[in-house]
Amino acid sequence: MSYDGPPGPSPRDDRDPVAILMGAMRAALALIDDVEALRLENRQLREALEGRALIERAKGMLMARRGCDEATAFEILVGLSRKQRRKVRAVAADFTDDRGFQPLM
């Protein structure tokens, strides 16, 4: 691999202000895309973490209420999720909001 100099505009671009501006605009747009992708990833990770916390809390509530183990509590949540055609996170949220201790299944 050969070294062609520092990244950025080529010497030819130094004579063409339009080419310099276009290159700068392309770089800025690429950075904006990168920032937006990072924001999306950050939001998705936060939602996943919040969802996991809700599910863990709901499992704990089920374990205390039903006297079951963690795996069984999760199976209950998954079963309700399937039956109600809702995400496990949404079913878990019902439990943490005191709506989940109505008769189960």
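A quick note: this is a predicted structure, and the numbers were derived from the prediction, not measured.
- Distance check: L54 CG to D97 CG gives 8.0 Å after rounding to the nearest 0.5 Å.
- In the hydrophobic clustering of this structure, L80 groups with I55; members are Ile, Leu, Val, Met, Phe, Trp, Tyr whose side-chain heavy atoms approach within less than 4.5 Å, directly or through other members.
- Here E47 contributes atom CD and L49 contributes atom CG; the two are 11.0 Å apart, rounded to the nearest 0.5 Å.
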Notebook entry, point to check: Please walk me through it: do E70 and E56 pass side-chain contact (heavy atoms from CB on, under 4.5 Å)?
Noted result: CA-CA 9 Å; E70 186 176 357; E56 291 298 319; 3.8 Å; yes
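- The number of heavy atoms from other shown groups lying within 6.0 Å of CZ (R52) does not exceed 12.
- Here the straight-line distance linking atom CZ of F74 with atom CE of M63 works out to 13.5 Å at 0.5 Å rounding.
- Nearest heavy-atom pair across R86 and V91 is NH2-N, 4.1 Å.
- The backbone N or O of A58 lies less than 3.5 Å from no partner atom in the side chain of T96, so there is not a single donor-acceptor pair.
- No chain of hydrophobic side-chain contacts below 4.5 Å, direct or via other Ile, Leu, Val, Met, Phe, Trp or Tyr residues, connects I20 to M22.
- Taking all atoms of both residues into account, the shortest heavy-atom contact from S81 to V88 is OG-N, 3.4 Å.
- Look at E50 and R89 and you find a salt bridge, because one of the NZ, NE, NH1 or NH2 atoms lies within 4.0 Å of a carboxylate O, short of that distance.
- Between atom OG1 of residue T72 and atom CZ of residue R66 there is a gap of 10.0 Å, rounded to the nearest 0.5 Å.
- For the pair L77 and F95, the minimum side-chain heavy-atom distance is below 4.5 Å.
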